[in-house]
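What follows is one structure encoded as structure tokens, with my remarks underneath.
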Amino acid sequence: MSAQTQIAPAPIAPTVGRPRRSRRRRLTRTAWNLVGILVLVVLAFPVFWMISTAFKPDDQINSLTPTWFSLHPTLAHFGDAVHRPFFWDDVKNSLIIVGVTVALSMALAFLAAVALAKFRFTGQKLFIVLMIGIQMLPQAGLIIPLFVVLRRYGQVNTLTGVIFTYMTFVLPFSVWTLRGFLLGIPRELEEAAMVDGSSRLGAFVKILLPLVAPGLVATSIFAFITSWNEYIFARILLNDGAKQTATVWLSYFTGTSRHTDWGGLMAGSTLIAIPVIVFFLLVQRKIAFGLTAGAVKA
Amino acid sequence: MAQIELEHLTKVFQGGTLAVEDVNLRVEDGEFMVLVGPSGCGKSTLLRMIAGLEEVTDGHIRVGGRDVTDLAPRRRDVAMVFQSYALYPHMSVRQNIGYGLKVRKTPKAETKRRVEEVAGLLGLDELLDRRPAQLSGGQRQRVAMGRAIVREPQAFLMDEPLSNLDAKLRVGVRASLAQLHARLGVTTVYVTHDQTEAMTLGQRVAVMRDGRILQVDQPQTLYLQPVDLFVAAFIGTPAMNLVEARIDGDDAVFGQFRVPLDPRRRPPRDARSVVLGMRPESFEDSAFAPPEIPRIESEIEVLEELGSDVHVFFHVDAPRIGTEALVEASEDDATLLVEEKALFNARVDPRTKAEIGSRLRLALDPHRFHFFDPKTGKSLLAASPAPEPEPEVVLTT
Ligand SMILES: Nc1ncnc2c1ncn2[C@@H]1O[C@H](COP(=O)(O)OP(=O)(O)O)[C@@H](O)[C@H]1O
Ligand SMILES: [Mg+2]
């Protein structure tokens, strides 16, 4: 995401007439560009290092003189990672959990957000406050109570339990964000649709839904990344090797022995980052369009 | 097509705002009815109740004889044009216009034919594949109209459809709206706060204030026989001159002036103090008026030459009629100087020799006086409508 850190737009035409000012402006712009590049480097370096390490042979990884990238790249670490026990099982679990969490949250969050943004009801304010307030509770404090509750309903060590848990923090955020998007859509649009012949639900689906698409995309990216990268809850709720998630699987690379398989770990990390990137690339195109432009005057 | 009947229609919003109060109105089949009034008087609320977008607190709405009071908007078979146009931004012009047909499951081929027909009518043929964002204000307005027309509904409801256009465009679109109505003959309820728009478009005009309808009449009748002070002040530009006056026998006395009354048009004998109303065209430069009309003389404060007319302004030694609501009503009535005395506006013949600062003799036609009760604001003439002046009175817009 940080790949597009473009801070100052390129000048369209050189400013004439006030050389002093334009020189100062150019200087400011250069300074900001440098800052931008610096931030980009800081953000991108770990990613670069992870990928480059994944391709390095073991002796280069463990060598005391670090190299930028290997001249003899190897795929061996990827082979190791993929063949470690439960890799495919756990990736599959992660995909199921994330897929269901995202789909379910988006559907529920859209409806809840419509209710909050387009209707007035008693307890509306309280509901909104609670939704934000609950998000401020520290997650660590929720682990044990959640575990107890889920065990009572036999949801420990099941994917559904994890999905429930993830939705407890994905949903409030999504509802909140979508509500903001919906508030930006003029009420007249659905009213026009209703006079034109739509039912209320029809107007929501045919008019509101397409218009909040950018909001849905933004929130679904958040939901995807949060639940894909989630570790603590998955680690505690799932204790069966074949039932764990990719992040938990990854954690077994470290800390289990004196020797850490850095190459494998980096290869595994790279592989696990791929779905997030693919998902983002698939949906990000939608964010760019300001779809409400032109609905009402100016 | 159908008539629209409103019976004792009332709307109280949550929180207690009484937006529409006991409105009774019958819009005839094919009629162009304009609801006009200052902003906040409940016009939109009334229109939205007819559309079904606002719940009715009390009363009934009938469209074409069918009681639609509790029906969903889509079951009422009316089309609405919103002030903001409310075009669907994610759809092309073609989809926007065709939306109503599509959700009503009209066959594709017929939808296409009707959309293109309407687009032709409104000159939108070239724009069918554009998105609303790629259209100018006037084009958006036409798309909003097209979306209403294509459905061939029982009635059009329009809420200030021209107010987002710039002044020049507005006049053009206003004319084509009138043409369109003449051509399609669909019952129309049109809301505006602009009395000029109301007077030029409406076959009948309903003047609203504080949620009530004060008077429903043809534009000329509203102009000539306003039932109360508010209608008198609201309708007509420049506005009617209003002043407190005393009835002294057969004379009206206001400020420094004393004018004999026309026996055929005078307030009841028992009325002592009244609010006297005079339209600017009830005055004339003495040099160009018949000799039998009474004269007054005054010093010209301001003089506006408009080519066809000249407007002269002069002070009357009487307090302004200080009804805030009236001042608010005519939004172009923006006086910079706070004046204690009433400033009168008289329209005179362009050949006048009047100059600022000079004194001018003005003929003032008592046959065109309006009298209002200073307490209730009701017209003191309404009871016995006097014969109106002949068509020499032309609407100034
Ligand atoms: N949804 C609403 N809730 C509460 N009061 C409202 C609502 N809509 C309008 N009102 C009030 O009702 C009155 C009439 O409003 P409206 O019909 O919009 O006036 P107009 O269209 O003539 O300017 C106003 O006082 C306004 O504040
Ligand atoms: Mg309004």
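Just so it is clear: chains get the letters A, B, ... in the order the sequence lines come, proteins before strands, and each one is counted from 1.
Contact annotation for A:Arg187: only side-chain heavy atoms (C-beta onward) come within less than 4.5 Å of a heavy atom of chain B.
When atom types are taken as modelled, the side chain of B:Tyr88 and the backbone of A:Lys206 share no donor-acceptor pair closer than 3.5 angstrom.
Listed in order of number, the residues of residues 51-62 of chain B that approach chain A to under 4.5 Å between heavy atoms are B:Ala51, B:Leu53. Within residues 67-82 of chain B, the residues having any heavy atom closer than 4.5 Å to a heavy atom of chain A are B:Pro73, B:Arg74, B:Val78, B:Ala79, B:Met80, B:Phe82, listed by residue number. Listed in order of number, the residues of residues 101-110 of chain B that approach chain A to under 4.5 Å between heavy atoms are B:Val103, B:Arg104.
Legend: residues meeting side-chain contact (heavy atoms from CB on, under 4.5 Å) with B:Ser176, ordered by chain and number and at least two apart, are B:Val173, B:Gln179.
Comparing B:Gln134, B:Gln83, B:Gln14, B:Arg48 by heavy-atom pairs within less than 4.5 Å of chain A, the highest count is held by B:Arg48.
Atom CZ of A:Phe279 is surrounded by more than 12 heavy atoms from other residues, nucleotides or ligands within 6.0 Å.
With contacts defined as side-chain heavy-atom distances shorter than 4.5 Å, the pair B:His90/A:Leu189 does not qualify.
For the residue pair A:Val195 and B:Arg151, the shortest heavy atom distance occurs at O-NH1, 3.1 Å.
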